[in-house]
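This report concerns only the one structure given below.
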Amino acid sequence: MDKKIISTGAFIGMLAVILGAFGAHALKKVLSIEQLSTFETGVRYQMYQALFLLFIGLMTNLNQKTKKTIYNLVLFGVILFSGSIYLLATNTLTTFDFKAIGFLTPIGGLLLILAWGILFWNVTKKKQQKLDN
């Protein structure tokens, strides 16, 4: 599972760099400053989650079930959160109105919050267990 988590983190990070460069060079000619800022928010949060996955994959004090749960929450969270932000930011470039999928952004955000919360809970639980012994 660790190899899968780390390789997914690396891929998501690579994709964030590619999308960031695409936004900075190609999209700056066709999007407003506000739309570019929104797009960059998606890139930034995608990169945060890529680094988070790398960190989770390298952690030795989390069991595999917890890592898998965090992995799935982050993966789907990035797809829903950053993915919907990319589509909403570039909405004016297509004929489809992506505002209809705007409800996915907070769902993706909630999944990301849950992933970080599970890490927090597991780390504090284990620390407490060590203190109790």
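As a basis for the values below, the full set of heavy atoms in this structure was taken, side chains included, without hydrogen atoms, waters or symmetry mates.
No path of Ile, Leu, Val, Met, Phe, Trp and Tyr side chains, each step under 4.5 Å between heavy atoms, connects Leu75 with Met47, placing them in separate hydrophobic clusters. Connection of Val43 to Phe81 is not established within any shared hydrophobic cluster, with ILVMFWY side chains joined at heavy-atom distances below 4.5 Å, either directly or through further cluster members. Side-chain heavy atoms closer than 4.5 Å link hydrophobic residues (I, L, V, M, F, W, Y) into clusters, and following such links, even through other members, never connects Ile113 to Leu104. Cluster annotation: Phe76 and Leu110 are assigned to the same hydrophobic cluster (Ile/Leu/Val/Met/Phe/Trp/Tyr, side-chain heavy-atom contacts under 4.5 Å, transitive). Hydrophobic cluster membership differs between Phe120 and Leu114, with clusters built from Ile, Leu, Val, Met, Phe, Trp and Tyr side chains linked at under 4.5 angstrom.
Annotation: Tyr86, atom OH; neighbour count of heavy atoms from other residues, nucleotides and ligands within 6.0 Å is above 12.
Remark: side-chain polar atoms of Gln46 are not paired, donor with acceptor, to backbone N or O of Val78 under 3.5 angstrom. The backbone N or O of Ile79 sits nowhere less than 3.5 Å from a side-chain atom of Ser82 that would complete a donor-acceptor pair. Put simply, the side chain of Ser37 never gets that close to the backbone of Ile33: no donor and acceptor are under 3.5 Å apart.
Separating the OH atom in Tyr71 from the CD1 atom in Ile6 is a distance of 12.0 Å, to the nearest 0.5 Å. With rounding to the nearest 0.5 Å, the separation of CD1 in Ile5 from CD1 in Ile56 is 7.5 Å. Leu31 contributes atom CG, which lies 5.0 Å from atom CG of Leu36 (distance to the nearest 0.5 angstrom). For the atom pair CG of Asn122 and OG1 of Thr66, the computed distance is 4.0 Å after rounding to the nearest 0.5 Å. With rounding to the nearest 0.5 angstrom, the CG atom of Leu19 is 10.0 Å from the CE atom of Met14. A distance of 5.5 Å separates OG1 of Thr69 from CD1 of Ile118, quoted to the nearest 0.5 Å.
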* Given the rule in the side-chain contact (heavy atoms from CB on, under 4.5 Å) test, do Met59 and Asp2 qualify, once you have shown the distances and angles that lead to the verdict? -> CA-CA 9 Å; Met59 286 188 74; Asp2 290 342; over 6 Å; no
* **Audit row: Ile70, Leu62, side-chain contact (heavy atoms from CB on, under 4.5 Å) steps and yes/no** => CA-CA 10 Å; Ile70 291 171; Leu62 283 180; 4.3 Å; yes
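Using a 4.5 Å heavy-atom threshold, the side chains of Leu93 and Leu27 count as touching. Between Gln35 and Val30, the closest side-chain pair of non-hydrogen atoms is not below 4.5 Å. Residues Phe39 and Thr90 are in side-chain contact: their nearest non-hydrogen atoms beyond the backbone lie under 4.5 Å apart.
In terms of heavy atoms, Val74 sits closest to Ala115 at CG2-CB, 3.6 Å. Between Gly108 and Leu80 the shortest heavy-atom distance is CA-CB, 3.6 Å. Contact between Met1 and Gln64 at its shortest, heavy atoms only, is CB-OE1, 2.8 Å.
Ring pair Phe52/Phe55: centre-to-centre distance not below 6.0 Å.
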